J.: 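Attaching a single structure in C-alpha coordinates format; questions to follow.
Since this is a predicted model, take the numbers as computed values, not measurements. When a ligand or atom number is given, it counts from 1 through the structure's own listing order.
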Amino acid sequence: MRKITILVVLLTISLFIQGCSSTKSNSKNSENNILFDNIKKEFNISGELSTAVFSGGCFWCVEKDFEKIEGVVEVISGYTSNNSNDIQPTYEQVASGKTQFRESVLVIYNSSIISYTELVDYFLRHHDPTDEGGSFYDRGFQYSSAIYFKNLNEKNEALNVISFFEESQIYTKPIITSVEELVNFFIAENYHQDYYKKNPIRYSLYRRASGRDNHINTISSRIEKLEDS
Ligand code: MHO
(Lines give C-alpha, C1' and ligand atoms only; values in the text may rest on other atoms or scores of the structure.)
Protein backbone atom coordinates (compact mmCIF):
# COMPACT_ATOMS: atom_id res chain seq x y z
CA MET A 1 0.00 0.00 0.00
CA ARG A 2 2.84 2.36 0.96
CA LYS A 3 4.57 1.63 -2.36
CA ILE A 4 1.39 2.50 -4.26
CA THR A 5 1.07 5.72 -2.31
CA ILE A 6 4.64 6.71 -3.10
CA LEU A 7 4.09 5.88 -6.79
CA VAL A 8 0.99 8.06 -6.90
CA VAL A 9 2.86 10.92 -5.30
CA LEU A 10 5.85 10.45 -7.64
CA LEU A 11 3.53 10.55 -10.64
CA THR A 12 1.90 13.65 -9.23
CA ILE A 13 5.17 15.49 -8.85
CA SER A 14 6.37 14.47 -12.30
CA LEU A 15 3.07 15.62 -13.85
CA PHE A 16 3.17 18.81 -11.90
CA ILE A 17 6.70 19.62 -13.00
CA GLN A 18 5.91 18.73 -16.64
CA GLY A 19 2.83 20.92 -16.38
CA CYS A 20 4.94 23.81 -15.22
CA SER A 21 7.46 23.57 -18.02
CA SER A 22 4.90 23.12 -20.79
CA THR A 23 2.45 25.87 -19.81
CA LYS A 24 4.62 28.61 -18.41
CA SER A 25 2.19 31.47 -19.00
CA ASN A 26 -0.56 30.10 -16.76
CA SER A 27 1.55 27.52 -15.01
CA LYS A 28 0.44 28.33 -11.47
CA ASN A 29 -3.15 27.22 -11.92
CA SER A 30 -2.39 24.15 -13.97
CA GLU A 31 0.27 22.96 -11.54
CA ASN A 32 -1.96 23.47 -8.60
CA ASN A 33 -4.87 21.70 -10.23
CA ILE A 34 -2.76 18.72 -11.25
CA LEU A 35 -1.25 18.53 -7.81
CA PHE A 36 -4.55 18.89 -6.08
CA ASP A 37 -6.36 16.33 -8.26
CA ASN A 38 -3.69 13.73 -7.65
CA ILE A 39 -3.01 14.05 -3.98
CA LYS A 40 -6.32 15.02 -2.45
CA LYS A 41 -7.10 11.40 -1.57
CA GLU A 42 -3.65 10.81 -0.11
CA PHE A 43 -3.77 13.84 2.16
CA ASN A 44 -7.52 13.92 2.68
CA ILE A 45 -7.89 17.62 2.05
CA SER A 46 -10.11 19.88 0.05
CA GLY A 47 -9.56 23.26 -1.56
CA GLU A 48 -6.95 24.84 -3.79
CA LEU A 49 -3.34 24.09 -2.89
CA SER A 50 -0.02 25.67 -3.82
CA THR A 51 3.54 24.37 -3.71
CA ALA A 52 6.96 25.80 -2.89
CA VAL A 53 10.38 24.16 -3.02
CA PHE A 54 13.34 25.02 -0.76
CA SER A 55 16.77 23.66 0.13
CA GLY A 56 18.15 24.56 3.54
CA GLY A 57 20.37 21.65 4.48
CA CYS A 58 19.21 18.47 6.19
CA PHE A 59 15.68 17.84 4.95
CA TRP A 60 14.62 16.15 8.22
CA CYS A 61 14.92 19.55 9.92
CA VAL A 62 13.55 21.73 7.13
CA GLU A 63 10.54 19.42 6.78
CA LYS A 64 9.80 19.64 10.51
CA ASP A 65 10.10 23.43 10.63
CA PHE A 66 7.69 23.94 7.72
CA GLU A 67 5.21 21.38 9.07
CA LYS A 68 4.75 23.59 12.14
CA ILE A 69 3.24 26.44 10.12
CA GLU A 70 -0.49 27.04 9.95
CA GLY A 71 -1.59 26.76 6.33
CA VAL A 72 1.06 24.17 5.43
CA VAL A 73 -0.74 20.94 4.62
CA GLU A 74 2.19 18.61 3.98
CA VAL A 75 5.96 18.75 3.44
CA ILE A 76 7.76 16.11 1.38
CA SER A 77 11.51 15.54 1.62
CA GLY A 78 13.30 15.06 -1.67
CA TYR A 79 16.14 15.95 -3.98
CA THR A 80 16.37 18.76 -6.54
CA SER A 81 18.70 19.19 -9.49
CA ASN A 82 18.67 21.39 -12.54
CA ASN A 83 19.40 18.87 -15.31
CA SER A 84 16.17 17.60 -16.86
CA ASN A 85 17.95 14.36 -17.86
CA ASP A 86 18.66 13.45 -14.25
CA ILE A 87 16.94 10.39 -12.81
CA GLN A 88 15.89 9.53 -9.25
CA PRO A 89 19.00 9.51 -7.03
CA THR A 90 19.46 7.59 -3.77
CA TYR A 91 20.14 9.25 -0.42
CA GLU A 92 23.64 7.74 -0.39
CA GLN A 93 24.44 9.23 -3.81
CA VAL A 94 23.25 12.68 -2.78
CA ALA A 95 24.93 12.51 0.63
CA SER A 96 28.24 11.55 -1.01
CA GLY A 97 28.40 15.07 -2.45
CA LYS A 98 29.37 13.65 -5.84
CA THR A 99 26.10 14.65 -7.52
CA GLN A 100 24.52 17.98 -8.39
CA PHE A 101 21.49 17.23 -6.20
CA ARG A 102 20.49 19.15 -3.10
CA GLU A 103 18.40 17.86 -0.21
CA SER A 104 15.14 19.78 -0.58
CA VAL A 105 11.56 19.98 0.56
CA LEU A 106 8.31 20.38 -1.32
CA VAL A 107 5.92 22.46 0.80
CA ILE A 108 2.23 22.01 0.01
CA TYR A 109 0.24 24.91 1.41
CA ASN A 110 -3.02 26.77 1.38
CA SER A 111 -2.29 30.21 -0.05
CA SER A 112 -5.40 31.70 1.51
CA ILE A 113 -3.80 31.06 4.92
CA ILE A 114 -0.11 31.67 4.20
CA SER A 115 1.51 33.39 1.22
CA TYR A 116 4.58 32.42 -0.79
CA THR A 117 6.32 35.57 0.50
CA GLU A 118 5.64 34.52 4.10
CA LEU A 119 7.07 31.05 3.39
CA VAL A 120 10.25 32.57 1.93
CA ASP A 121 10.53 34.87 4.96
CA TYR A 122 10.13 31.89 7.31
CA PHE A 123 12.67 29.87 5.32
CA LEU A 124 15.30 32.63 5.59
CA ARG A 125 14.83 32.71 9.39
CA HIS A 126 15.09 28.94 9.79
CA HIS A 127 18.40 28.10 8.14
CA ASP A 128 21.61 30.01 7.43
CA PRO A 129 21.30 31.64 3.99
CA THR A 130 24.81 33.11 4.30
CA ASP A 131 26.59 29.73 4.39
CA GLU A 132 28.18 29.02 1.02
CA GLY A 133 29.57 25.62 1.90
CA GLY A 134 26.54 23.75 3.24
CA SER A 135 24.28 24.03 6.29
CA PHE A 136 25.52 23.91 9.87
CA TYR A 137 27.18 20.56 10.60
CA ASP A 138 26.51 19.23 7.08
CA ARG A 139 29.00 20.41 4.50
CA GLY A 140 28.88 20.31 0.72
CA PHE A 141 26.73 21.48 -2.20
CA GLN A 142 24.04 18.91 -1.34
CA TYR A 143 23.27 20.91 1.83
CA SER A 144 23.48 24.39 0.31
CA SER A 145 20.74 27.01 0.36
CA ALA A 146 18.33 27.45 -2.57
CA ILE A 147 14.85 28.66 -3.44
CA TYR A 148 13.27 27.10 -6.53
CA PHE A 149 10.70 29.17 -8.39
CA LYS A 150 8.10 27.84 -10.84
CA ASN A 151 7.09 31.19 -12.34
CA LEU A 152 8.16 34.83 -12.44
CA ASN A 153 5.91 35.81 -9.55
CA GLU A 154 7.65 33.38 -7.23
CA LYS A 155 11.06 34.47 -8.50
CA ASN A 156 10.30 38.15 -7.84
CA GLU A 157 8.77 37.47 -4.44
CA ALA A 158 11.80 35.42 -3.39
CA LEU A 159 14.22 38.12 -4.58
CA ASN A 160 12.20 40.83 -2.80
CA VAL A 161 12.31 38.97 0.51
CA ILE A 162 16.06 38.42 0.12
CA SER A 163 16.54 42.17 -0.59
CA PHE A 164 14.47 43.00 2.48
CA PHE A 165 16.68 40.77 4.65
CA GLU A 166 19.81 42.36 3.19
CA GLU A 167 18.56 45.93 3.64
CA SER A 168 17.44 45.26 7.21
CA GLN A 169 20.82 43.69 7.96
CA ILE A 170 19.17 40.74 9.66
CA TYR A 171 22.25 38.82 8.55
CA THR A 172 25.65 40.44 8.83
CA LYS A 173 27.06 38.49 5.89
CA PRO A 174 25.71 38.51 2.29
CA ILE A 175 22.85 36.13 1.51
CA ILE A 176 24.10 33.52 -0.94
CA THR A 177 20.84 31.56 -1.39
CA SER A 178 20.60 30.45 -4.99
CA VAL A 179 17.28 31.47 -6.58
CA GLU A 180 16.73 29.06 -9.47
CA GLU A 181 13.99 27.72 -11.68
CA LEU A 182 12.59 24.38 -10.48
CA VAL A 183 13.60 21.61 -12.90
CA ASN A 184 13.48 18.35 -10.91
CA PHE A 185 12.06 17.32 -7.58
CA PHE A 186 12.53 13.63 -6.73
CA ILE A 187 10.87 12.29 -3.58
CA ALA A 188 13.33 10.88 -1.05
CA GLU A 189 13.14 7.36 0.33
CA ASN A 190 10.18 6.64 2.57
CA TYR A 191 12.25 6.40 5.75
CA HIS A 192 13.26 10.06 5.32
CA GLN A 193 9.63 11.27 5.23
CA ASP A 194 8.56 12.57 8.65
CA TYR A 195 11.91 11.39 9.98
CA TYR A 196 11.46 13.54 13.08
CA LYS A 197 8.32 11.60 13.98
CA LYS A 198 9.67 8.16 13.08
CA ASN A 199 13.06 8.53 14.84
CA PRO A 200 12.52 11.23 17.47
CA ILE A 201 15.57 10.41 19.60
CA ARG A 202 18.11 10.22 16.78
CA TYR A 203 16.50 13.27 15.19
CA SER A 204 16.70 15.37 18.38
CA LEU A 205 20.30 14.41 19.05
CA TYR A 206 21.28 15.20 15.47
CA ARG A 207 19.36 18.48 15.47
CA ARG A 208 20.82 19.71 18.76
CA ALA A 209 24.36 18.85 17.68
CA SER A 210 23.95 20.43 14.24
CA GLY A 211 23.76 24.01 15.57
CA ARG A 212 20.56 24.83 13.65
CA ASP A 213 18.51 25.80 16.70
CA ASN A 214 21.24 28.04 18.12
CA HIS A 215 21.28 29.86 14.81
CA ILE A 216 17.47 30.14 14.67
CA ASN A 217 17.39 31.57 18.23
CA THR A 218 20.18 34.05 17.49
CA ILE A 219 18.42 35.30 14.36
CA SER A 220 15.08 35.57 16.08
CA SER A 221 16.58 37.69 18.92
CA ARG A 222 18.37 39.82 16.34
CA ILE A 223 15.09 40.44 14.49
CA GLU A 224 13.36 41.38 17.77
CA LYS A 225 16.13 43.88 18.58
CA LEU A 226 16.01 45.38 15.07
CA GLU A 227 12.23 45.70 15.32
CA ASP A 228 12.50 47.45 18.71
CA SER A 229 15.15 49.95 17.55
N1 MHO B 1 24.88 14.08 8.53
C2 MHO B 1 23.51 13.75 8.80
C3 MHO B 1 22.65 14.24 7.71
C4 MHO B 1 21.24 14.04 7.92
S5 MHO B 1 20.36 14.82 6.80
C6 MHO B 1 19.11 13.94 6.33
C7 MHO B 1 23.34 12.27 9.02
O8 MHO B 1 23.60 11.49 8.11
O9 MHO B 1 22.94 11.88 10.08
O10 MHO B 1 21.07 15.16 5.70
Side-chain angles (χ1 to χ4, degrees), residues 2-3 5-7 9-10 12-13 17 43 51-69 72-83 86-109 119-120 122-148 171 175-180 182-219:
R2 194 66 206 165
K3 277 189 183 153
T5 301
I6 290 292
L7 275 174
V9 178
L10 272 172
T12 302
I13 302 298
I17 288 170
F43 297 108
T51 58
V53 179
F54 301 103
S55 292
C58 171
F59 48 25
W60 302 338
C61 300
V62 185
E63 177 178 341
K64 175 170 194 267
D65 288 349
F66 274 114
E67 286 192 346
K68 285 196 274 197
I69 308 181
V72 169
V73 176
E74 181 60 64
V75 182
I76 299 173
S77 284
Y79 311 110
T80 43
S81 74
N82 61 12
N83 182 340
D86 281 339
I87 56 166
Q88 172 82 45
T90 64
Y91 175 68
E92 286 69 28
Q93 286 167 336
V94 177
S96 76
K98 292 181 187 149
T99 70
Q100 286 300 303
F101 285 95
R102 287 189 180 100
E103 288 195 13
S104 305
V105 296
L106 174 71
V107 179
I108 302 168
Y109 66 102
L119 288 177
V120 173
Y122 183 86
F123 174 62
L124 293 180
R125 294 165 191 242
H126 286 80
H127 79 300
D128 183 358
T130 70
D131 187 345
E132 279 177 296
S135 285
F136 309 108
Y137 174 85
D138 296 307
R139 311 312 304 160
F141 174 83
Q142 67 274 34
Y143 299 112
S144 57
S145 170
I147 298 173
Y148 299 90
Y171 286 99
I175 293 183
I176 55 76
T177 301
S178 177
V179 177
E180 358 184 314
L182 178 65
V183 178
N184 297 312
F185 182 89
F186 295 101
I187 296 179
E189 294 83 346
N190 199 26
Y191 74 93
H192 285 300
Q193 308 301 332
D194 288 324
Y195 189 90
Y196 71 96
K197 291 181 188 161
K198 293 174 182 164
N199 299 281
I201 296 173
R202 168 137 198 248
Y203 171 77
S204 301
L205 289 172
Y206 162 79
R207 175 141 186 161
R208 195 164 315 142
S210 77
R212 184 179 291 261
D213 286 333
N214 287 344
H215 168 82
I216 292 173
N217 294 336
T218 305
I219 289 306

J.: Starting from atom 9 (O) of ligand 1, locate the nearest protein heavy atom and write down its residue, its atom name and how far away it is, to 0.1 Å.
T.: Arg202 NH2, 2.7 Å

J.: Got a sec, which pairs hit salt bridge (charged side-chain N to carboxylate O under 4.0 Å, His left out) with one end in residues 96-109, sequence neighbours left out?
T.: Arg102-Glu180

J.: Show the atoms of ligand 1 that are less than 4.0 angstrom away from any heavy atom in Tyr143.
T.: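 Once the distances to Tyr143 are compared, the set is 3 (C), 10 (O).
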
J.: Just by distance, no angles: are the side chains of Arg207 and Tyr196 close enough, under 3.5 Å, to form a donor-acceptor pair?
T.: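 Arg207 vs Tyr196: no donor-acceptor pair found between side chains.
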
J.: Does any non-hydrogen side-chain atom of His192 lie less than 4.5 Å from one of Glu63?
T.: no

J.: Identify, with sequence neighbours excluded, every residue that meets side-chain contact (heavy atoms from CB on, under 4.5 Å) alongside Asn214.
T.: none

J.: Check whether any heavy atom of Tyr195 sits under 4.0 Å from an atom of ligand 1.
T.: no

J.: Over 60° means perpendicular and under 30° means parallel, so classify the ring planes of Tyr191 and Tyr91, tilted if in between.
T.: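 Ring orientation of Tyr91 relative to Tyr191: perpendicular.
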
J.: When you measure from atom 10 (O) of ligand 1 to every protein heavy atom, which one gives the shortest distance, and what is it?
T.: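 Residue, atom and distance for the closest contact: Glu103 OE2, 2.9 Å.
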
J.: Show the atoms of ligand 1 that are less than 4.0 angstrom away from any heavy atom in Phe59.
T.: 6 (C)

J.: Set out, in order, the CA-CA distance, both residues' side-chain angles and the distance that settles side chain to side chain donor-acceptor pair (under 3.5 Å) for Tyr148 and Thr80, then state yes or no.
T.: CA-CA 9 Å; Tyr148 299 90; Thr80 43; 2.8 Å; yes

J.: Under a 3.5 Å threshold, yes or no: a donor from one side chain and an acceptor from the other, between Asp86 and Ser81?
T.: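 Short answer, yes.
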
J.: Is the shortest N/O to N/O distance between His192 and ligand 1 below 3.5 Å?
T.: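 Such a contact does not occur with ligand 1.
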
J.: Answer with yes or no whether Gln142 contacts ligand 1, where contact means a heavy atom under 4.0 Å from a ligand atom.
T.: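 For ligand 1, residue contact (heavy atoms, under 4.0 Å) with Gln142 is absent.
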
J.: Considering both backbone and side-chain atoms of Tyr137, is one of its nitrogen or oxygen atoms within less than 3.5 Å of a nitrogen or oxygen in ligand 1?
T.: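 By distance alone, the answer is no.
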
J.: Check ligand 1 against Tyr206 and write out every atom of the ligand that is under 4.0 Å from a heavy-atom position of the residue.
T.: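 It comes down to these atoms of ligand 1: 2 (C).
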
J.: What residue and heavy atom of the protein are closest to atom 8 (O) of ligand 1, and at what distance?
T.: Tyr91 OH, 3.3 Å

J.: Quick one: look up the protein heavy atom nearest atom 1 (N) of ligand 1 and list residue, atom name and how far away it is.
T.: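 Protein heavy atom at minimum distance: Asp138 OD1, 2.8 Å.
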
J.: Kindly state whether the ring of Phe66 and the ring of Phe54 have centres lying under 6.0 angstrom apart.
T.: yes

J.: Note the single closest protein heavy atom to atom 5 (S) of ligand 1, along with its residue, its atom name and the distance in Å.
T.: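 Checked against all protein heavy atoms, atom 5 (S) of ligand 1 sits closest to Cys58 SG, 3.0 Å.
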
